[in-house]
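Not measured: the values here are computed from a predicted model. Chain A is the first sequence line, chain B the second, and so forth, proteins listed ahead of strands; every chain is numbered from 1.
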2 protein chains.
Amino acid sequence: MQESKWWGWGDPEVTFGLGNRPGLVRYLRDRFGVTETSAPRRFRVEDVALPPSALPKEILAGFRHVLGEKRCRTDHDARVRHSVGKSYRELWQIRNGRLGDAPDLVLYPRNEGEVAEIFSLCRTHRVAVVPWGGGTSVVGGVNALRGGFPWLAALVTTEMNRLLEVDETSRTAVLEAGASGPEVEAALGARGFSLGHFPQSFEFSTLGGWIAARSAGQNCLGWGNIERMLVSVRVISPMGEIRTLEAPNHACGPDFKQLLLGSEGTCGLILSARVRVHPKPERREYFLTAFPSFHDASEAAREIAQSVSGAALVRVSDEEESVASLAFSDKGGLSHRLLRAWLRWHGLSPESRLSLLLAGFEGADFSTSSVRGILSRRGGVSLGRAPGRHWLRDRFRLPYLRDDLMDQGLFVETLETSTLWHRLPALYESVRRALIDSFRGQPCSVLTHISHLYPDGASLYFTVIGRAANPLEQWHLTKHAASDTIRKHGAAASHHHGIGTDHREYLSWGPLERGLFRQIKATMDPDGLLNPGKLEP
Amino acid sequence: MQESKWWGWGDPEVTFGLGNRPGLVRYLRDRFGVTETSAPRRFRVEDVALPPSALPKEILAGFRHVLGEKRCRTDHDARVRHSVGKSYRELWQIRNGRLGDAPDLVLYPRNEGEVAEIFSLCRTHRVAVVPWGGGTSVVGGVNALRGGFPWLAALVTTEMNRLLEVDETSRTAVLEAGASGPEVEAALGARGFSLGHFPQSFEFSTLGGWIAARSAGQNCLGWGNIERMLVSVRVISPMGEIRTLEAPNHACGPDFKQLLLGSEGTCGLILSARVRVHPKPERREYFLTAFPSFHDASEAAREIAQSVSGAALVRVSDEEESVASLAFSDKGGLSHRLLRAWLRWHGLSPESRLSLLLAGFEGADFSTSSVRGILSRRGGVSLGRAPGRHWLRDRFRLPYLRDDLMDQGLFVETLETSTLWHRLPALYESVRRALIDSFRGQPCSVLTHISHLYPDGASLYFTVIGRAANPLEQWHLTKHAASDTIRKHGAAASHHHGIGTDHREYLSWGPLERGLFRQIKATMDPDGLLNPGKLEP
Ligand SMILES: Cc1cc2nc3c(=O)[nH]c(=O)nc-3n(C[C@H](O)[C@H](O)[C@H](O)COP(=O)(O)OP(=O)(O)OC[C@H]3O[C@@H](n4cnc5c(N)ncnc54)[C@H](O)[C@@H]3O)c2cc1C
Ligand SMILES: Cc1cc2nc3c(=O)[nH]c(=O)nc-3n(C[C@H](O)[C@H](O)[C@H](O)COP(=O)(O)OP(=O)(O)OC[C@H]3O[C@@H](n4cnc5c(N)ncnc54)[C@H](O)[C@@H]3O)c2cc1C
């Protein structure tokens, strides 16, 4: 796997590109007074201040004995790159030289035996461990926290990235946890299969990270979130190994797999997993529909989730996100002018009031007619398949935009939650209100979409762009405002990003759940070496 | 809820009826030498020997203070009825006066407050507790075991059986745990909804029992097993309450709901649950298809599970079960003779070699064409919808047959497991062989079907009917033979019956899983009051 920019997202050579997007430039000017769109900023890793690793030579020698020199790094570059994940707060800190801490060493084991030896050395020498997949956590899940231990290691899984088995009969495959999205799809694709897990972080996140943080991809409606894909998992902890039962379903007591899902590196290292796969889709059909209001579009989405099967994706943008995304995709060409005219013709206002619903199908043989029927019966205006094709092409491109916006000095954070359908409208209004209020009159946009649908509820995904005099303080205000509102509504502290450091205090666990987690952790990691300071409230 | 026969299954006035089933009578005669089919046996509860409850008056007074006299029973009848569940072994024991033990008192709380007071009294007076729903466990889950405590109570949930909320928007409902299958469907049905959970024990089992033992119903393919239906659950333990998050999905760390699912009364009492519901199906279509072999029929079922959605049920009987079920349903009429002629016409032998696949659809608007397409492409011979209608009519009738067979002195046990598709054929052959071998030449029939399908695997359900000189010893031999084989194949110790006492030693838990369970139990039930001797290996 190629390494991501450490000061932002993704391939250093790729930018979202403000240059050829007049609609976006206009949006930023009108909303945030951005007047000049400079070239992307570059950062030099040498400029990041970090005291050298103080790890005693004897301890280092122990690890080197197991892994060799190359897979046991203490150099500045490796340490900076493994100090933080990809939340706005972390990127702001690393860009501004405010790195809290960094691991003393960065380890790249290749197999279970090496991990077992690492754990044993860590126990002996009191080295805390941050399990590290792609490092794409946006909730502080891979932050360099020592939790009182003198030493800290990042345990990187990316050298364990092989496809171990394809079982065509049961349509399952066994993969090592360090395989990244593209590696998973390439290996399976060569055998005619696909996992179909496409988080927006697809290019850099890993199977192990998905499981550890209960990830949900864009095609969750079709293939399920990672939880539904996971048949069984193999985990090694300082106290030994767990291999969960390989069965499609069981009545064998509590399901331990469900303790490892979401364990966020605090209980053990996920080594490999058996997942459900499906034949590589032969064709895709994504199409966009416009509605007069978010309410109308959401109701259509709910009807789809509750009565039709077969769609791979349905997502619904609220009015503000719909207007913004039309603006962002406006490259000044004819097609965009036609699109706006078409919308106006249907009584919709592309500048102020409309709600976009994207629906997608994948497979060999599917029918879109039930979904199309619901959309048109509920007053949707079809915008056709071209916007669907664009979305598919750019689906992993959007994350790059954050860097451009940060380069412009803007605040950009995303957060998400989930609840039952009947509680969704109130939750939406309240979180939106809380986010806006947290900016205390400074300019801010809150773009929202329903990202994942279920028969009984859905997730809400908020993107906040704003101007903040003090970004760090603003981050805390905004995060607290949203998370506290979410908790008060009884909604999920996170639907798919996880808990990490950022959502710890907002977990809805009662004293018994806290007790349960403490005991589970104590059973698997009695010294508390693994990812201290994460997850547990 | 009406009470079941304590010496067998269901309504004392209902029998499967050997009388008007010449095919079944012939089968029993040919296979097991049964020559005379006497009237159903009756048992008198007074004949069951049981020392009176020795519970000290002061302790009893404490419980009566909370529940009153009527809901705190110590009479012979209540104690006998709450001494065992419904496994063959238990029924054989109770029919033959070999009752091991019985609870000293039987408690019927009506709300959480009463349960909390019961737990507190139980801790003070060292009274072990068997949580008791419908008592339909077939794995020893409700056996009267004291686990070293001087006193034992059965804590019966059936007075907590209300529908608390219907949320039409999210299509969820909140129900108390003691509601039985018919109570659940009646209450929801009055509001136009259905849960769609139809275990064969439907008439007498409860929502709480389904959750506690990870039940799977006959329409699992359509609506999922109880795990998939469960949005959230409320549990009270001696250490307090847990209410799990009410969200369709979350990334909030380990999923504690999945520890309560399958907890089998060992960690707390399930009080109520929010479950997914769906509109009451407007119509149903069930149809039967015959294949030349179990292999052919299984492959068709696999293709359905992996490529078609919308079916509510698919089950596949192996050759021996197919032949037997044709015989059992033969009432000597014309239609049956025609059926046999039709099968022979298609080259199938109704007396020896064929495999029956039942498919069912439910809803307002479904299409059976994809499934029918697969069935006919794979060589299935359609037997039409009449057998489907009969199956629906008799679906909860079959359990009554066991009593008739036991009356004839026959051994009848069922067991089930699940595995991945590619391991299913070998598992099937081995378990079947082990079951037959366990009878050491005595006559026995092993009837098998695939009861639940998933894209990645399926469950196998075995019914063993045999002649045994020593039924109890035979039960141990047979149980061990099957369970040990299942474990060796890495398959599930149970797919939907649970663990109870009978599968404890066959759980595939390693030392870490055992440690995890012990700590979970210690957190919720530190005194070990709850269902001692169950679940934990
Ligand atoms: C631009 C962007 C878009 C995103 N979009 C999505 C999205 O659409 N859907 C979604 O679900 N998430 C999304 N995320 C969040 C993130 O990608 C997910 O949380 C992902 O699952 C993390 O995978 P990773 O391999 O990068 O894990 P990391 O970030 O390395 O780690 C995440 C957590 O898992 C632990 N961990 C990692 N690997 C292992 C292992 N093998 N064993 C045990 N613990 C381990 C870590 O200690 C940490 O606590 C996005 C993030 C970014 C930056
Ligand atoms: C004829 C027959 C057919 C069957 N068919 C099926 C089938 O198709 N599918 C299937 O899944 N099962 C089937 N079973 C097994 C049984 O019905 C299930 O295990 C069912 O889930 C038990 O429900 P119950 O209410 O009877 O629970 P019980 O038998 O009373 O209890 C089962 C277990 O759960 C615990 N428990 C019960 N209620 C609670 C509660 N409120 N809180 C905490 N713990 C509790 C008990 O302590 C016990 O450990 C069948 C049984 C019979 C006899």
Contacting moiety of [X], where chain A heavy atoms sit under 4.5 Å:
X	result
B/Phe517	both
B/Ala212	neither
B/Leu507	side chain

Backbone N or O of B/His250 within a donor-acceptor pair of the A/Glu227 side chain at under 3.5 Å? no
With a 3.5 Å distance limit and no angle check, can you tell me whether A/Ser170 reaches the backbone of B/Gly457 through a side-chain donor-acceptor pair? no
Relative to chain B, which segment of [X] carries a heavy atom at a distance below 4.5 Å: side chain, backbone, both, or neither?
X	value
A/Leu535	side chain
A/Ala522	neither
A/Ser508	side chain
A/Ala493	both
A/Ser237	side chain
A/Glu264	side chain
A/Asp456	both
A/Thr172	side chain
A/Leu261	backbone

What's the verdict on side-chain contact (heavy atoms from CB on, under 4.5 Å) for B/Asn249 and A/Arg228, showing C-alpha distance, side-chain angles and the deciding distance? CA-CA 11 Å; B/Asn249 177 51; A/Arg228 258 185 58 204; over 6 Å; no
What option among [options] has the most heavy-atom pairs under 4.5 Å with chain B?
options	answer
A/Arg171, A/Arg518, A/Glu168	A/Arg171
A/His497, A/Met524, A/Glu536, A/Arg243	A/Met524
A/Cys220, A/Ala458, A/Ser263, A/Pro254	A/Pro254
A/His503, A/Arg302, A/Met239	A/Arg302
A/Ala305, A/Ser418, A/Ala247	A/Ser418
A/Arg423, A/Gln306, A/His496	A/Gln306

Out of curiosity, B/Leu516 CG to A/Cys267 SG, how far, rounded to the nearest 0.5 Å? 8.0 Å
Is any side-chain heavy atom of B/Gln519 closer than 4.5 Å to a side-chain heavy atom of A/Ile520? no
Of all of [options], which one pairs up most often with chain A through heavy atoms under 4.5 Å apart?
options	value
B/Lys257, B/Glu416, B/Arg274	B/Arg274
B/Pro248, B/Gly262, B/Gly253	B/Pro248
B/Ile499, B/Asn225, B/Thr419, B/Asp167	B/Asp167
B/Val139, B/Leu512, B/Leu259, B/Leu245	B/Leu512

